[in-house]
J.: 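Have a look at this one.
Side chains are part of it too, since the values below use all heavy atoms of this structure and drop only hydrogens, waters and symmetry mates.
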Amino acid sequence: MMDMNRKKQASILRSTRSIHRKTGILLFFFFIIVGVTGVFLGWKKYVDVLQYPTQKGISENANEWLPMDSLITIATTEIQAWKGPEYSTEIDKIDVRPDKGIMKFIYKEHYYSLQLDATSGEVLSHEYRTSDLMEHLHDGTIVDRLFGIPGELFKLIYSSILGIALVLFSITGFWLWYGPKLMRGKR
């Protein structure tokens, strides 16, 4: 009876090793991308190349700020002057920093952005948003953007596969460590 149980455990261990190895081979490249970009994203606030520091405007008092439409016009004019008229001026989001008196204009079709003083409209910073690029590489959004896939479908599939694979690797990795101990009778 004991010999049969040992054979079954050995079979499960071989199957686990096979699943672990084959899944690892298939997803190796993607795990490297997720790992490297994850490290960059963790460090983004501490490395200016990854995320430029937020500048400081003249006033934190929003009553003194220019109207939003004026700031959008300034940002639109500036992005075209800086990068050229072929660059999209479609704004993805405006990051308002009341405690700094600035607004960051982040564009939908590229990784360039501007920081404007909300009071004067002065351009405080031109930026290439490396952290956004890293985030899009990390979560698969870059593929949706490059190929125009609607609804972030690739991102959903990619992150689901990698998330499930991480759980699978954790379980099979634990079993590859614990299984031999169990077979030898050491618990």
J.: For a 4.5 angstrom cut-off between non-hydrogen side-chain atoms, does Glu135 reach Thr141?
T.: no

J.: Can you check salt bridge (charged side-chain N to carboxylate O under 4.0 Å, His left out) on Lys155 and Asp144, steps first, answer last?
T.: CA-CA 7 Å; Lys155 174 184 175 178; Asp144 289 321; over 6 Å; no

J.: Verify, without hydrogens or angle tests, whether Ser18 (side chain) and Arg14 (backbone) share a donor-acceptor contact under 3.5 angstrom.
T.: no

J.: To the nearest 0.5 angstrom, please state how far the NZ atom of Lys93 sits from the NZ atom of Lys108.
T.: 11.5 Å

J.: Determine, using the 4.5 Å side-chain heavy-atom cutoff (strictly less than), whether Leu41 and Leu50 are members of one ILVMFWY cluster.
T.: yes

J.: Using the side chain to side chain contact (heavy atoms under 4.5 Å, CB included) rule, take Leu182 and Trp175 through it: C-alpha gap first, then chi angles, then the decisive distance, then the call.
T.: CA-CA 10 Å; Leu182 188 64; Trp175 185 252; 3.7 Å; yes

J.: Centres of the Phe169 and His20 rings: under 6.0 Å?
T.: yes

J.: Do Leu153 and Ile157 have side chains that get closer than 4.5 Å, going by heavy atoms?
T.: yes

J.: Over all heavy atoms of both residues, which pair between Ser131 and Lys44 is shortest? Give the atoms and the distance, please.
T.: CB-CD, 3.8 Å

J.: Using the rule given for salt bridge (charged side-chain N to carboxylate O under 4.0 Å, His left out), can you reason through Asp95 versus Arg97, listing the C-alpha separation, both sets of side-chain angles and the distance that settles it, and then say yes or no?
T.: CA-CA 6 Å; Asp95 183 358; Arg97 300 291 177 101; 3.0 Å; yes

J.: Output the distance between atom OG (Ser113) and atom OH (Tyr52), rounded to the nearest 0.5 Å.
T.: 9.0 Å

J.: Please check this pair: side chain of Trp65 against backbone of Ser59, looking for a donor-acceptor N/O pair closer than 3.5 Å.
T.: yes

J.: Do Glu127 and Ser125 pair up side chain to side chain, a donor and an acceptor below 3.5 Å, judged on atom types alone?
T.: yes

J.: Hydrophobic clusters here meaning ILVMFWY residues chained together by side-chain heavy-atom distances under 4.5 Å, can you tell me if Leu27 and Phe29 are in one?
T.: yes

J.: Determine whether the aromatic ring centres of residues Phe30 and Tyr158 are separated by less than 6.0 angstrom.
T.: yes

J.: Out of curiosity, Arg129 CZ to Asp92 CG, how far, rounded to the nearest 0.5 Å?
T.: 9.5 Å

J.: Identify the two heavy atoms, one from Lys100 and one from Thr54, that lie closest to each other, and give their separation to 0.1 Å.
T.: CG-CG2, 3.9 Å

J.: Look up atom CD in Gln55 and atom CG in Leu116, then write down how far apart they are to the nearest 0.5 Å.
T.: 11.5 Å

J.: If I compare all heavy atoms of Leu71 with all of Gly121, which pair ends up nearest, and what's the gap?
T.: CD2-CA, 4.0 Å

J.: Are the side chain of Ser11 and the backbone N or O of Lys7 linked by a donor-acceptor pair below 3.5 Å?
T.: no

J.: What's the verdict on side chain to side chain contact (heavy atoms under 4.5 Å, CB included) for Leu146 and Ile142, showing C-alpha distance, side-chain angles and the deciding distance?
T.: CA-CA 6 Å; Leu146 287 173; Ile142 191 113; 4.0 Å; yes

J.: Does Leu133 reach the side chain of Tyr128, with side-chain heavy atoms less than 4.5 Å apart?
T.: yes

J.: Give a yes or no on whether the backbone of Ile19 and the side-chain of Thr23 come within a donor-acceptor separation of less than 3.5 Å.
T.: yes

J.: In this structure, are over 12 heavy atoms from other groups packed under 6.0 Å from Lys45 atom NZ?
T.: no

J.: Does any non-hydrogen side-chain atom of Lys104 lie less than 4.5 Å from one of Ile94?
T.: no

J.: Suppose we call two aromatic rings close when their centres sit under 6.0 Å apart. Are Trp82 and Tyr87 close by that rule?
T.: no

J.: Give the minimum heavy-atom separation between Thr37 and His138, together with the two atoms involved.
T.: OG1-ND1, 2.8 Å

J.: Count I, L, V, M, F, W, Y as connected when their side-chain heavy atoms are under 4.5 Å apart, and connections chain through other members. Are Ile171 and Phe174 then in the same cluster?
T.: no

J.: Compare all side-chain heavy atoms of Ile91 with those of Ile72 and state whether any distance is below 4.5 angstrom.
T.: yes

J.: Quick check: do Glu78 and His126 have side-chain heavy atoms less than 4.5 Å from each other?
T.: yes

J.: Between Leu66 and Thr119, is any pair of side-chain heavy atoms under 4.5 Å apart?
T.: no

J.: Are Phe105 and Ile74 linked, directly or through other ILVMFWY residues, by side chains that come within less than 4.5 angstrom of each other?
T.: yes

J.: Looking only at heavy atoms, which two atoms of Pro98 and Val96 are closest? And how far apart?
T.: CD-O, 3.3 Å

J.: To the nearest 0.5 angstrom, please state how far the CZ atom of Arg145 sits from the CD atom of Glu152.
T.: 10.0 Å

J.: Treating Ile, Leu, Val, Met, Phe, Trp and Tyr as nodes and any side-chain heavy-atom pair under 4.5 angstrom as an edge, say whether Ile161 and Ile164 lie in one connected cluster.
T.: no

J.: Parallel, tilted or perpendicular for Tyr107 and His110, by the 30°/60° rule?
T.: parallel

J.: Any side-chain donor paired with an acceptor under 3.5 Å for Tyr111 and His136?
T.: yes

J.: Look up atom CG in Leu156 and atom CG in Asp139, then write down how far apart they are to the nearest 0.5 Å.
T.: 11.0 Å

J.: Is the shortest side-chain heavy-atom distance between Glu109 and Glu90 below 4.5 Å?
T.: yes

